[in-house]
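Report on one structure; see the data block that follows.
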Amino acid sequence: MNYPYVIEFRQALVAWFESEKRDLPWRHTTDPYKIWVSEVMLQQTRVDTVIPYYNRFMESFPTLEVLADAPQEYLLKHWEGLGYYSRARNLQAGVREVIETYGGVVPNNRHDISKLKGVGPYTAGAILSIAYNQPEHAVDGNVMRVLSRVLHIHEDIALPKTKKIFEEAVEQLIDPQHASSFNQGLMELGALICTPTSPKCLLCPVRDYCIAFHEGEPEKLPVKSKKVKMKHITYDVLVCEDADGRLLVEQRPETGLLANLWQFPMIEQGTETIEQWLQAYVTDVQTQQELLTFKHVFSHLTWQITAHYMRCQTPMEGEWLTREQIANLPMPVPMLKIFQAIQK
DNA sequence: AAACCGGGGTC
DNA sequence: GACCCAGGTTT
């Protein structure tokens with residue numbers, strides 16, 4: 001790397017971070033467990049979204065031991081609405097590994113910490129640098145955007161192999177004495193100044209050391225190829241209430257989309273008719289009315305949902321639960337929307 | 001390397 | 001609508 005401003009860049013970035021950093025809940029600690037939780041929550045998730053989840057999570061699971069012993073349903077209830085629910089299950093598996101294999105102490109080296117469930121190259125580097133102040137790279141989307149501009153790197157960041165270029169760049173650039181502030185500074189800069197569409201270069205502490213700024217078009221970087229086709233599925237959702245006020249719910253499979261979360265029964269349009277479903281699962285349907293229709297957008301998937309409400313008899317099989325019981329179950333956001341609609 | 005895995009904010 | 005976000009796992 002023939003970048004001539006290594007020393008100046010380090011000093012300016014660390015000084016700026018120390019002076020301008022936001023006051024965030026996980027910045028009041030260096031407890032590796034708490035840093036770990038915050039980093040997992042922050043994967044593909046904005047700071048403002050994470051803050052209330054992090055605070056509530058720490059109230060309920062203040063230590064790694066408490067989390068290790070928690071029922072998965074209670075854990076998932078704390079993750080409800082955050083998305084990517086495998087993060088929560090992997091996190092719990094990870095803390096259990098730490099207790100069983102490392103005596104309850106989060107490993108302080110990349111080799112061991114990377115073996116933990118849900119801890120990839122980024123999260124490993126983030127914990128090592130932020131909790132242990134070790135000069136390890138932690139390359140996320142922010143870091144690739146910032147360094148693609150500072151170093152004028154035009155490789156396609158959508159390609160997996162490109163990340164190695166940035167990891168090696170961080171290894172050269174990182175301030176060995178201030179690893180925590182350096183890594184957080186790169187991310188903070190990406191979040192506040194070096195933003196995707198309209199970077200605030202006039203406010204940037206490392207503008208003088210940024211090649212893309214000198215070249216004139218920092219907003220053209222990073223290079224990122226396109227992708228993705230959106231799938232569209234139409235569902236009817238059936239909210240069945242019996243004479244005792246119980247509702248029929250079901251748990252989703254333990255793998256795949258929204259694994260282990262609970263829902264009201266869904267019928268994919270074009271497979272089974274509502275009438276066929278009713279004959280198989282409930283008896284003596286009385287009132288039947290349409291509740292609401294809405295669209296829920298996932299990353300690469302759209303659900304078009306029509307929710308129906310009906311009163312019927314309790315049959316032999318199926319989970320019929322009170323509203324209080326259902327309120328304690330983790331449900332995906334579209335189901336929460338429906339549940340909300342029937343709380344009259 | 002590509003696909004899968006949520007949800008919300010922004011332009 | 002498309003893009004992005006303090007990514008990791010599975011195929």
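Reminder, nothing fancy here: chain letters follow the sequence lines and each chain counts from 1.
If you find the closest nucleotide of DNA chain C to A:Q184 and to A:G118, the one lying nearer the 5' end belongs to A:Q184. Residues A:H300 and A:R46 both approach DNA chain B. Their nearest nucleotides, taken by heavy-atom distance, put A:H300 toward the 5′ side. For the pair A:L257 and A:T197, both in contact range of DNA chain B, the more 5′-proximal nearest nucleotide belongs to A:L257. Of the two residues contacting DNA chain C, namely A:S114 and A:L42, the nearest-nucleotide position lying further toward the 5' end is that of A:L42.
Across all strands, A:V47 comes closer than 4.0 Å to base atoms (heavy-atom distances). Within the nucleic acid shown, A:S198 has no heavy atom closer than 4.0 Å to any nucleic acid atom. Within 4.0 Å of A:W303, counting heavy atoms only, lies no atom of the nucleic acid at all. Residue contacts for A:R27: at a heavy-atom cut-off of 4.0 Å it reaches a base atom on one of the strands shown. At the heavy-atom level, A:T49 lies nowhere under 4.0 Å from the strands shown.
Here C:dG7 presents its P atom at 18 Å from CG of A:L159, a figure rounded to the nearest Å. When the P atom of C:dA6 is taken as reference, atom CG of A:L189 falls 12 Å away, rounded to whole Å. Atom NZ of A:K115 is separated from atom C1' of C:dT9 by 18 Å (rounded to the nearest Å). Between the CD atom of A:E39 and the P atom of C:dA6 there is a distance of 11 Å, given to the nearest Å. Atom CE of A:M144 and atom P of C:dA6 are 12 Å apart (whole Å).
Taking only side-chain nitrogens and oxygens, A:Q44 never comes nearer than 4.0 Å to OP1 or OP2 of C:dC5. The side chain of A:K224 places an N or O atom within less than 4.0 Å of a non-bridging phosphate oxygen (OP1 or OP2) of C:dC4.
Of all nucleotides in DNA chain B having an atom under 4.0 Å from a heavy atom of chain A, the first and last in 5' to 3' order are B:dA1 to B:dG9.
Here, C:dT9 and B:dG8 have their P atoms 24 Å apart, quoted to the whole Å. The separation of B:dC5 from C:dA6, taken at their P atoms, amounts to 23 Å, rounded to a whole angstrom.
With hydrogens and angles left out, the side-chain atoms of A:R252 and A:Q263 include a donor and acceptor closer than 3.5 Å. A donor-acceptor pair shorter than 3.5 Å cannot be found between the side chains of A:D156 and A:T162. Looking only at atom types and distance, the side chain of A:E241 has a donor-acceptor partner in the side chain of A:Y309 under 3.5 Å away. Under 3.5 Å, the side chains of A:T123 and A:Q43 contain a donor-acceptor pair of N or O atoms. Using modelled atom types and a 3.5 Å distance limit, the side chains of A:D23 and A:H28 yield a donor-acceptor pair.
Atom CZ of A:F298 sits in a crowded spot, with more than 12 heavy atoms from other residues, nucleotides or ligands closer than 6.0 Å. With a 6.0 Å radius and a threshold of 12 heavy atoms from other residues, nucleotides or ligands, A:Q279 has its CD atom at or below the threshold. The number of heavy-atom neighbours closer than 6.0 Å to NZ of A:K117, taken from other residues, nucleotides and ligands shown, is 12 or below.
Using the six-membered ring where Trp is involved, A:H78 and A:F57 have ring planes that are perpendicular, over 60° apart on the 30 and 60° scheme.
Residues from residues 78-91 of chain A that place a heavy atom under 4.0 Å from any atom of DNA chain B, listed by number: A:G81, A:L82, A:G83, A:Y84, A:Y85.
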Ring pair (Phe, Tyr, Trp, His ring centres under 6.0 Å) between A:F61 and A:Y74, worked out: CA-CA 11 Å; A:F61 312 109; A:Y74 184 63; 5.5 Å; yes
